[in-house]
Amino acid sequence: VQLQASGGGLVQAGGSLRLSCAASGRTFSTYNMGWFRQAPGKEREFVATISWSGSTTDYADSVKGRFAISRDNAKNTVYLQMNSLKPEDTAVYYCAADDSTYGRSYYRSGGGMDYWGKGTQVTVSS
């Protein structure tokens, strides 16, 4: 599967952005999907994941209550709605896919994803 993230940009603190990740291929609905981010000088970190059916989601504590992950299997797209953005949310955001059993702990540790898209830059000004 090929992944293409979009929707990043520059926003003021407190603002909102919605990231999209379009996937190629007919089997998108069988993939667990995730969003990860990497800030300058830092390691890539888990942000949110969603199971193939959409019934299970998980969030990093730093974004819980502000971000929401969702998917539209008919459109082969996963979304990340980001509200109440903070300067510390500034990073390159990557979407990723995994075609095995949903592994919450594994994803949280940064593992488990088999396919990665190019990132989209999100910059939050104070």
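- Between the side chains of Thr49 and Asp58, no donor-acceptor pair of N or O atoms lies under 3.5 Å.
- Checking side-chain atoms of Asn32 against main-chain N and O of Trp52 turns up a donor-acceptor pair under 3.5 Å.
- Within 6.0 Å of atom NZ in Lys118, 12 or fewer heavy atoms from other residues, nucleotides or ligands are found, so the atom counts as exposed in its surroundings.
- Judged by a 6.0 Å distance limit and a 45° cone about the ring axis, Arg71 is not positioned over the six-membered ring of Tyr31.
- Under the side-chain contact (heavy atoms from CB on, under 4.5 Å) rule, Tyr94 has a single partner from Arg44, Arg37, Met113, which is Arg44.
- Under a cutoff of 6.0 Å and an axis angle of 45°, Arg18 and Tyr79 form a cation-pi pair.
- Annotation: side chain of Ser16 is in contact with side chain of Gln81 (closest heavy-atom distance under 4.5 Å).
- Residue Glu88 places its CD atom among more than 12 non-hydrogen atoms of other residues, nucleotides or ligands, all under 6.0 Å distant.
- Under the 4.5 Å side-chain heavy-atom criterion for grouping Ile, Leu, Val, Met, Phe, Trp and Tyr, Val11 is connected to Leu80 within one hydrophobic cluster.
- Here the side chains of Asp99 and Thr27 are not in contact, with every heavy-atom distance at 4.5 Å or above.
- In this structure, Tyr107 has its ring center at least 6.0 angstrom away from the ring center of Phe36.
- Taken together through direct or relayed side-chain contacts under 4.5 Å among Ile, Leu, Val, Met, Phe, Trp and Tyr, Val122 and Val78 form part of one hydrophobic cluster.
- With respect to Lys64 and Asp61, a salt bridge is recorded, a charged nitrogen being found less than 4.0 Å from a carboxylate O.
- Contact of the Met33 side chain with the Leu3 side chain is registered, since non-hydrogen atoms from C-beta on lie closer than 4.5 Å.
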